[in-house]
Amino acid sequence: MAKTPQAIRGTQDIFGADAEAFAFVVETFERVRKLYRFRRVEMPVFEKTEVFSRAIGETTDVVSKEMYSFDDRGGESLTLRPEFTAGIARAYLSNGWQQHAPVKLATHGPLFRYERPQKGRYRQFHQIDAEIIGAAEPQADVELLAMADQLLKELGIEGVTLHLNTLGDGDSREAWRAALVEHFRSVKDELSEDSQERLEKNPLRILDSKDPRDRKHVDHTLDIDRFLTDGAKRFFDEVTAGLDAAGVKWTRAPSLVRGLDYYRHTAFEFIPDEGSEAAGKLGSQSTILGGGRYDGLMESLGGALTPAVGWAAGIERLAMLVGERMPERLEAVVLVENDAGMAEAIELVSDLRRGGVIADLMATGSPKKRYDKAVKQNPQYILRVDDGGYHGISGEGDASKIVAVLSNRNPSPRT
RNA sequence: GCGAUCGUAGCUCAGUUGGUUAGAGCGCCGGUUUGUGGUACCGGAGGUCGCGGGUUCGAACCCCGUCGAUCGCCCCA
């Protein structure tokens with residue numbers, strides 16, 4: 001026998017309860033985004049590599065070691081999308097969506113990052129994504145976060161808190177970064193190996209290092225607050241005031257920095273509370289939804305300065321938190337007691353489905369065992385068909401839909 | 001890229017200090033019973049014990065390598 005090829009490492013075949021939970025997340029997202037008038041967009045799964053390398057930043061982990069890149073037959077370097085935002089920004093520029101600005105967009109689908117898989121983390125994973133493009137005012141941040149908050153609530157997810165920070169505007173961030181580099185360089189030898197590396201590549205990250213050697217050198221004098229320009233401070237205050245008005249709970253997280261270069265001002269993550277049930281279900285992964293403002297991104301792709309803010313959430317991680325979802329209950333099984341009645345049974349099950357009844361046909365295997373198999377499906381009703389046609393129903397509960405279908409049918413030969 | 005743990009039937013798992021022909025439950029197929037809302041019983045198919053090498057009279061079991069999975073580090077959703 002030929003050998004079955006293996007699935008690619010880090011990909012998943014989702015089925016059963018997990019697939020139901022996955023679908024529930026997507027359906028709930030679709031419902032909620034409509035409440036906020038986010039418009040659905042469909043995006044390519046791959047782009048020219050430069051879309052991501054320029055937008056996300058060459059030195060980020062995502063670009064430097066996690067992209068699935070390949071040359072196509074024309075020799076052009078393409079990359080399977082590792083995130084949504086860069087591709088959406090490219091689409092916004094190449095399609096002239098400025099005409100719709102400010103525009104609220106939502107999408108979902110697969111993303112790809114070359115990483116070692118572990119709990120809640122895959123090479124092909126899935127996100128839901130929401131962006132507001134062309135809106136500079138803090139109210140956009142508030143609306144976006146209110147939607148995220150409502151989504152999590154409607155998914156029934158508890159024990160998760162919005163962690164909020166500001167990275168300031170360009171000037172604030174630059175001053176902050178310079179101060180951090182100066183500070184940490186003076187104690188470089190005492191930092192962890194990882195953080196000595198971060199010092200060159202991404203000094204902001206040292207702030208949220210878990211290594212005690214690094215923690216020793218981190219204190220509140222290094223928070224962004226001291227470096228914020230008046231404008232940046234005012235912006236953040238308006239965001240937090242808006243969240244309070246909208247009834248969205250949040251907590252300040254001064255060491256929260258996002259990994260990608262394009263973030264400005266607001267940065268946030270929804271994180272399970274320590275010791276909560278949600279935290280346990282997620283393993284060592286913590287962030288279930290994250291994002292921020294990226295006013296500088298469009299320029300890196302050659303567009304005009306365009307303020308924008310967005311977030312993405314891992315569908316798999318959300319699905320781990322929503323609990324068991326059962327498929328809709330089977331309402332009717334048409335049981336073929338004798339194969340001579342097969343045509344009649346097929347007609348009956350078709351009529352039931354057209355009448356909005358969730359129905360299945362049980363007509364395979366040993367005729368004597370069909371009844372047991374039907375019962376195992378736990379249907380609300382069983383309709384029996386033999387060589388004389390339909391001849392009986394048993395079950396309990398509301399049968400009005402089934403009765404309506406039966407009374408609209410041509411009388412079976414027996415009646 | 002690094003580390004830990006683990007690979008036995010379609011699935012979940014037993015398998016004694018290394019010892020005859022590797023087992024169970026579930027699922028699948030067939031039959032007997034029952035005779036119409038989850039019956040009981042009998043039987044059957046299904047395994048290169050992840051793969052390759054080594055030690056041994058003898059390896060699912062010990063050793064080495066390799067592939068894969070899981071969890072963690074890094075980073076992220």
Side-chain angles (χ1 to χ4, degrees), chain A residues 1 3-12 15-16 25 29 56 59-67 81-85 108-130 148 152 160 192-195 197-198 201-202 204-206 208-211 214 256-260 268-272 282-292 310-321 330 332-333 335 337 362 364-384 386 391-397:
Chain A
M1 214 164 65
K3 231 196 250 167
T4 305
Q6 291 170 335
I8 305 300
R9 183 199 293 270
T11 61
Q12 325 168 70
F15 175 74
V25 170
F29 173 67
I56 299 171
T59 62
T60 60
D61 278 25
V62 169
V63 171
S64 64
K65 56 186 201 193
E66 294 175 1
M67 292 206 300
R81 63 185 180 196
E83 60 145 46
F84 279 114
T85 306
H108 65 83
L111 303 165
F112 305 84
R113 290 184 199 169
Y114 192 91
E115 297 188 278
R116 285 294 291 271
Q118 56 184 277
K119 193 182 184 95
R121 174 195 220 173
Y122 309 94
R123 286 188 174 180
Q124 178 179 337
F125 60 107
H126 302 79
Q127 287 183 347
I128 51 179
D129 181 276
L152 295 180
V160 170
S192 67
E193 297 77 15
D194 283 337
S195 284
E197 183 101 354
R198 291 183 183 113
K201 282 170 51 185
N202 196 348
L204 277 52
R205 279 245 92 90
I206 302 176
D208 65 352
S209 167
K210 294 166 201 154
D211 196 302
D214 300 331
L256 188 156
V257 296
R258 306 274 304 154
L260 313 182
F268 53 85
E269 297 180 355
F270 282 81
I271 300 175
L282 280 173
S284 72
Q285 314 306 328
S286 54
T287 305
I288 58 172
L289 183 153
W311 57 249
I315 297 177
E316 288 89 347
R317 291 183 187 177
L318 292 171
M320 283 190 280
L321 301 182
L330 182 56
V333 164
L335 185 76
E337 294 180 328
M362 184 57 67
T364 57
S366 143
K368 287 184 176 178
K369 287 194 169 171
R370 291 177 188 178
Y371 199 86
D372 284 343
K373 289 164 83 173
V375 164
K376 271 194 181 170
Q377 305 292 315
N378 190 30
Q380 229 177 326
Y381 284 90
I382 293 178
L383 287 75
R384 292 181 287 278
D386 63 12
H391 70 91
I393 179 171
S394 62
E396 51 194 27

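Lettering follows sequence order; numbering is per chain, from 1.
- Heavy atoms of Thr60(A) sit nowhere under 4.0 angstrom from any nucleic acid atom.
- G50(B) sits 32 Å from G43(B) when the C1' atoms are compared, rounded to a whole Å.
- Distance CG (Asn378(A)) to P (G37(B)): 14 Å, rounded to an integer number of Å.
- When both pairing distances are held under 3.5 Å, U39(B) makes no Watson-Crick or G-U pair with any nucleotide shown.
- Using a 4.0 Å heavy-atom cutoff across all strands shown, Arg258(A) reaches sugar-phosphate atoms only and no base atom.
- For C76(B), the base has a donor-acceptor partner in the side chain of Arg317(A) [N/O atoms by modelled type, under 3.5 angstrom].
- On the C1' atoms, U34(B) is 7 Å away from U39(B), given to the nearest whole Å.
- Spacing between C49(B) and C62(B) at atom C1', rounded to whole Å, works out to 16 Å.
- Checked by atom type and distance alone, the side chain of Arg205(A) pairs as donor or acceptor with a backbone atom of Val257(A) at under 3.5 Å.
- The base of G37(B) lies close enough to the side chain of Ser394(A) for a donor and an acceptor atom to sit less than 3.5 Å apart.
- A gap of 16 Å separates the C1' atoms of C61(B) and G23(B), to the nearest Å.
- Using the Watson-Crick or G-U wobble rule with both distances under 3.5 Å, A4(B) pairs with U70(B).
- For Glu337(A) against Asp386(A), the heavy-atom pair with the smallest separation is OE1-CB, 3.8 Å.
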Report the C-alpha distance between Gln124(A) and Gln12(A) in whole Å, list the side-chain angles of each, state the deciding distance to 0.1 Å, and finish with yes or no for side chain to side chain contact (heavy atoms under 4.5 Å, CB included). CA-CA 8 Å; Gln124(A) 178 179 337; Gln12(A) 325 168 70; over 6 Å; no
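- To the nearest whole angstrom, the two C1' atoms, one in G15(B) and one in U21(B), are 15 Å apart.
- Along RNA chain B, the nucleotide closest to Asp61(A) and the one closest to Ile382(A) are compared, and the more 5′ of them pairs with Ile382(A).
- The CG-C1' distance, from Leu282(A) to C76(B), rounds to 13 Å in whole Å.
- Spacing between atom NZ of Lys65(A) and atom P of C2(B) amounts to 12 Å, rounded to whole angstrom units.
- Candidate nucleotides A77(B), G37(B), G27(B) were compared by shortest atom distance to the side chain of Pro379(A), and G37(B) ranks first.
- The residue Leu289(A) sits close only to the backbone: its heavy atoms come under 4.0 Å of sugar-phosphate atoms, none of a base.
- Nucleotide G47(B) forms no Watson-Crick or G-U wobble pair with any nucleotide shown, as no partner meets the under 3.5 Å limit on both distances.
- Across all strands shown, Gly283(A) has heavy atoms under 4.0 Å from sugar-phosphate atoms exclusively, and none from any base.
- Nucleotide U34(B) forms no Watson-Crick or G-U wobble pair with any nucleotide shown, as no partner meets the under 3.5 Å limit on both distances.
- Which of G38(B), C76(B), C75(B) sits closest to the side chain of Glu115(A) comes down to C75(B).
- A59(B) and C51(B) have their P atoms separated by 15 Å, given to the nearest Å.
- Pair assignment for G27(B) gives none, since no Watson-Crick or G-U wobble pairing has each distance under 3.5 Å.
- Nucleotide G52(B): paired with C64(B) (Watson-Crick or G-U wobble, both distances less than 3.5 Å).
- Nearest to the side-chain atoms of Tyr371(A) among the listed nucleotides A77(B), C73(B), G37(B) stands G37(B).
- Set against G27(B), G72(B), G68(B), the side chain of Lys376(A) has G27(B) as its closest nucleotide.
- As a whole-Å value, the separation of Asp386(A) CG from U36(B) P is 14 Å.
- Between the CZ atom of Arg123(A) and the C1' atom of C75(B) there is a distance of 14 Å, given to the nearest Å.
- In this structure, Arg113(A) does not pair ionically with Glu83(A), as no charged nitrogen and carboxylate oxygen lie closer than 4.0 Å.
- When the nearest nucleotides of RNA chain B are assigned to Tyr114(A) and Gln285(A) by heavy-atom distance, the more 5′-ward of the two goes with Tyr114(A).
- Proximity note for Arg384(A) (side chain, C-beta onward) versus U36(B), G37(B), A77(B): the nearest is U36(B).
- Closest to the Arg116(A) side chain, of the nucleotides G1(B), U36(B), C76(B), is G1(B).
- Counting to the nearest Å, the C1' atom of A77(B) and the CZ atom of Arg81(A) are 14 Å from each other.
- G54(B) and U12(B) are spaced 32 Å apart, taking the P atom of each and rounding to whole Å.
- If you take OH of Tyr381(A) and P of U36(B), they are 19 Å apart, rounded to a whole angstrom.
- Nucleotide G50(B) holds its P atom 14 Å from the CD atom of Gln6(A), rounded to whole Å.
- To the nearest whole angstrom, the two P atoms, one in G10(B) and one in C6(B), are 23 Å apart.
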